[in-house]
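To start, the structure itself, in C-alpha cells.
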Amino acid sequence: MSFPTAFRAPVRRAAFSASFRRAGTEIRANSFRKFSTEPPPAPKSNTGLYAGLGSVALGGLAYYFYTSSSDTTKGTAAKSAAQTAIKFTPTKADYQKVYNRIAEVIDDAGEYDDGSYGPVILRLAWHASGTYDKNTGTGGSNYATMRFEPESIHGANAGLHVARELMEKVKKEFDWISYGDLWTLAGVCAVQEMAGPKVPWRPGRIDGFAAQATPDGRLPDASQGAPHIRDIFYRMGFNDQEIVALSGAHALGRCHTTRSGFEGPWTFSPTTFTNDYFKLLFEEKWVWRKWGGPKQLEDKKTKTLMMLPTDYVLTQDKSFKKYAKAYADDNELFFKDFSAAFAKLLELGVPTEQFVASEPWVMGGDA
C-alpha cells in the first residue's frame with residue numbers, strides 16, 4: 001500500500017463522493033460520531049499504566065529531541081523535554097480534542113482531490129508506520145522520521161508533504177503531542193471519519209533524529225507481484241490475511257501521475273470506507289490500460305477506475321484470493337480484520353513500555 005491528482009472524478013463518481021461527503025458532514029455535526037463496527041478485543045499487556053514514562057514519551061520530548069542536532073546538547077534537551085512534559089500529562093480527553101481538530105481538517109479540503117484530505121492523511125499514517133523491520137527493530141511509527149530527508153523525499157512518499165503540512169497546523173495548536181502520535185491518531189481519525197471501523201489506538205510514541213530515518217525501499221512497489229508484497233509485509237510481521245485486509249484501504253483515495261505515476265481512483269466513492277475495493281476486483285472486468293504511463297489496469301465498462309498490479313494480484317494468488325473474496329462477500333468481516341491489522345501497523349516499532357495505557361483506546365464521539 002504504497003497507497004499512493006491529476007484529473008477530477010467523472011460525473012458518476014463525483015456524484016457518489018459528493019453525496020457521501022454531505023452525509024459525513026451531517027454526521028459530524030451531531031454530538032456523536034457513528035461507526036459501522038466495534039473494534040476487535042484489545043490485546044492484553046503485561047505492563048500496567050506507564051503514566052510517568054508516558055509523560056516523557058509524549059509531546060515536548062519529541063520536539064526537543066529532533067531539533068537538538070548537536071551531540072553535546074541532546075542530554076540537556078532530553079532532560080528539559082522531560083521536565084516540560086511532566087508539567088502536563090495529557091488525558092484521553094486531551095487526545096480526543098486533537099482527534100476532533102483533525103476531523104475538521106479532513107473535511108476542510110475544498111477542491112482538493114474528491115473533497116477530502118482523509119485519504120492522504122491515512123496514507124501518511126500508513127507510510128510512517130510501514131517502514132518497520134522486525135529483524136533489525138528499526139523503522140515504524142516511533143520516531144516520525146519522515147520529517148527528515150531523505151525519507152521525506154523517497155518516491156513512495158511523494159505527495160505526503162500535503163498531509164505533513166496539514167498536521168503541522170494541528171501540531172501548533174497542540175504542541176504537547178509527538179509527531180508519531182499525531183500522525184497515527186490522524187490515520188485512525190481518517191478511517192473512522194470516512195465511515196470505516198473503529199480502530200484501537202494509544203499514545204506513547206517519541207520523535208527521533210534524522211539519523212534514524214529509514215532507507216528507501218521499505219514500502220510496497222505497486223508495479224510488483226506477490227513475492228514482493230510478501231517480502232515487504234512479512235518483514236513487518238504480517239501474514240497473508242493481514243496483507244489483504246490492509247490492501248482494502250485502497251477503497252479510499254486515488255493515484256496521481258505527479259506522484260506515483262499511476263492515475264485514478266480504485267472505487268466510485270473514494271472518500272467512503274467500504275469493501276467496494278474487493279467487490280470491484282471480482283465483479284468488474286479489468287484490462288490493461290493503453291497509455292503512456294506505468295502499467296496499470298482499468299475497468300472495461302467505464303474506463304474510470306484503476307487497479308495496480310499489486311491490487312490485481314489479490315485475485316490471482318491462491319492464498320490472497322481466498323481472503324479477498326471473503327472480504328468482497330462480507331463487509332463486516334473486512335472491517336473487523338482491517339481494524340485489527342491497521343491497529344497493529346500503527347504500533348510497529350514502538351516499545352510496549354512506552355505506551356501510556358496498557359490497552360488501546362477507542363477514539364471518536366462514541367468512545
Side-chain angles (χ1 to χ4, degrees), residues 1-4 66 119-164 179-180 183-184 187 205 207-240 242-250 252-263 266 293-297 306-314 316-317 319-320 341-342 344-350:
M1 179 175 142
S2 168
F3 287 22
Y66 92 88
V120 73
I121 288 174
L122 169 58
R123 183 167 162 249
L124 172 63
W126 209 110
H127 284 213
S129 306
T131 57
Y132 182 65
D133 185 331
K134 67 179 183 181
N135 298 313
T136 64
T138 59
S141 65
N142 195 36
Y143 297 133
T145 51
M146 202 196 300
R147 290 170 294 132
F148 310 113
E149 292 187 6
E151 188 173 338
S152 63
I153 57 174
H154 286 168
N157 293 330
L160 286 179
H161 66 283
V162 174
R164 293 196 302 270
Y179 283 96
W183 292 356
T184 54
R205 297 158 191 80
D207 297 327
F209 306 101
Q212 293 162 318
T214 57
D216 202 358
R218 289 196 177 186
L219 294 167
D221 177 349
S223 68
Q224 300 298 311
H228 168 78
I229 296 174
R230 287 194 170 94
D231 285 345
I232 294 293
F233 283 86
Y234 284 7
R235 187 206 70 226
M236 288 186 269
F238 290 111
N239 58 34
D240 284 3
E242 293 168 316
I243 291 173
V244 178
L246 287 170
S247 297
H250 277 170
L252 302 170
R254 60 176 56 238
C255 287
H256 309 76
T257 55
T258 56
R259 298 177 187 177
S260 64
F262 300 101
E263 183 180 52
W266 289 268
K295 195 173 182 180
Q296 68 177 67
L297 296 104
M306 69 100 214
M307 289 289 171
L308 303 168
T310 47
D311 297 313
Y312 195 62
V313 76
L314 301 186
Q316 305 301 302
D317 181 271
S319 178
F320 289 158
F342 191 54
K344 175 179 174 179
L345 172 68
L346 298 182
E347 293 196 352
L348 293 180
V350 187

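Quick caveat, the model's predicted, so the values are computed rather than measured.
- A donor and an acceptor atom, one from each side chain of Asp221 and Ser223, are located under 3.5 Å apart.
- Counting all heavy atoms, side chain and backbone alike, Gly261 lies closest to Pro294 at O-CD, 3.3 Å.
- When only modelled atom types and interatomic distance are considered, Asp311 and His250 share a side-chain donor-acceptor pair under 3.5 Å.
- Cation-pi contact between Arg230 and Phe320: present, with separation from the ring centre below 6.0 Å and deviation from the ring axis of at most 45°.
- Summarising the geometry, atom CD belonging to Gln212 is positioned 10.0 Å from atom CG belonging to Asp207; distances are rounded to the nearest 0.5 Å.
- A distance of 9.5 Å separates CG of Asp216 from CD1 of Ile153, quoted to the nearest 0.5 Å.
- Annotation for Ala213 and Thr145: closest pair CA-CB, 3.6 Å, computed over non-hydrogen atoms.
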query = side-chain contact (heavy atoms from CB on, under 4.5 Å) between Asp240 and Phe233: does it pass, once the steps are laid out?
reply = CA-CA 8 Å; Asp240 284 3; Phe233 283 86; over 6 Å; no
request  = Test side-chain contact (heavy atoms from CB on, under 4.5 Å) on Phe342 and Leu122 and set out the steps.
outcome  = CA-CA 11 Å; Phe342 191 54; Leu122 169 58; 3.3 Å; yes
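- Judged purely by atom type and a 3.5 angstrom limit, Gln296 has no side-chain atom pairing as donor or acceptor with the backbone of Met306.
- For Ser129, the side-chain contact (heavy atoms from CB on, under 4.5 Å) partners are Ser141, Thr184, Leu345, Leu346, not counting sequence neighbours.
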task = Might you work through the side-chain contact (heavy atoms from CB on, under 4.5 Å) test for Asn157 and Leu219, ending with a clear yes or no?
result = CA-CA 9 Å; Asn157 293 330; Leu219 294 167; 3.5 Å; yes
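- The line from NZ of Lys134 to CZ of Phe238 is 10.5 Å long, rounded to the nearest 0.5 Å.
- Arg147 places a side-chain N or O within 3.5 Å of a backbone atom of Gly208 that can act as its donor or acceptor partner.
- In terms of modelled atom types and a separation under 3.5 Å, the side chain of Glu347 and the main chain of Lys344 share no donor-acceptor contact.
- Atom CG of Leu160 sits about 9.0 Å away from atom CH2 of Trp183, to the nearest 0.5 Å.
- Closest approach of Asp317 to Ala226, counting heavy atoms only: OD2-CB, 3.9 Å.
- Taking both residues in full, the closest heavy atoms of Ser260 and Cys255 are given as OG-CB, 3.9 Å, listed atom of the first, atom of the second, then distance.
- Put simply, CG on Leu308 and CG on Leu297 are 8.5 Å apart, with the number rounded to the nearest 0.5 Å.
- Closest approach of Met146 to Ser152, counting heavy atoms only: O-CB, 3.1 Å.
- Under the side-chain contact (heavy atoms from CB on, under 4.5 Å) criterion, Ala163 pairs with Val120, Ile121, Leu124, not counting sequence neighbours.
- Under the 3.5 Å distance criterion, with hydrogens and angles disregarded, a donor-acceptor pair is assigned to the side chains of Glu151 and Thr214.
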task = Under the side-chain contact (heavy atoms from CB on, under 4.5 Å) rule, what do Phe262 and Thr257 come out as? Steps first, then yes or no, please.
result = CA-CA 5 Å; Phe262 300 101; Thr257 55; over 6 Å; no
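- For Arg235, the side-chain contact (heavy atoms from CB on, under 4.5 Å) partners are Asp133, Arg218, Ile232, not counting sequence neighbours.
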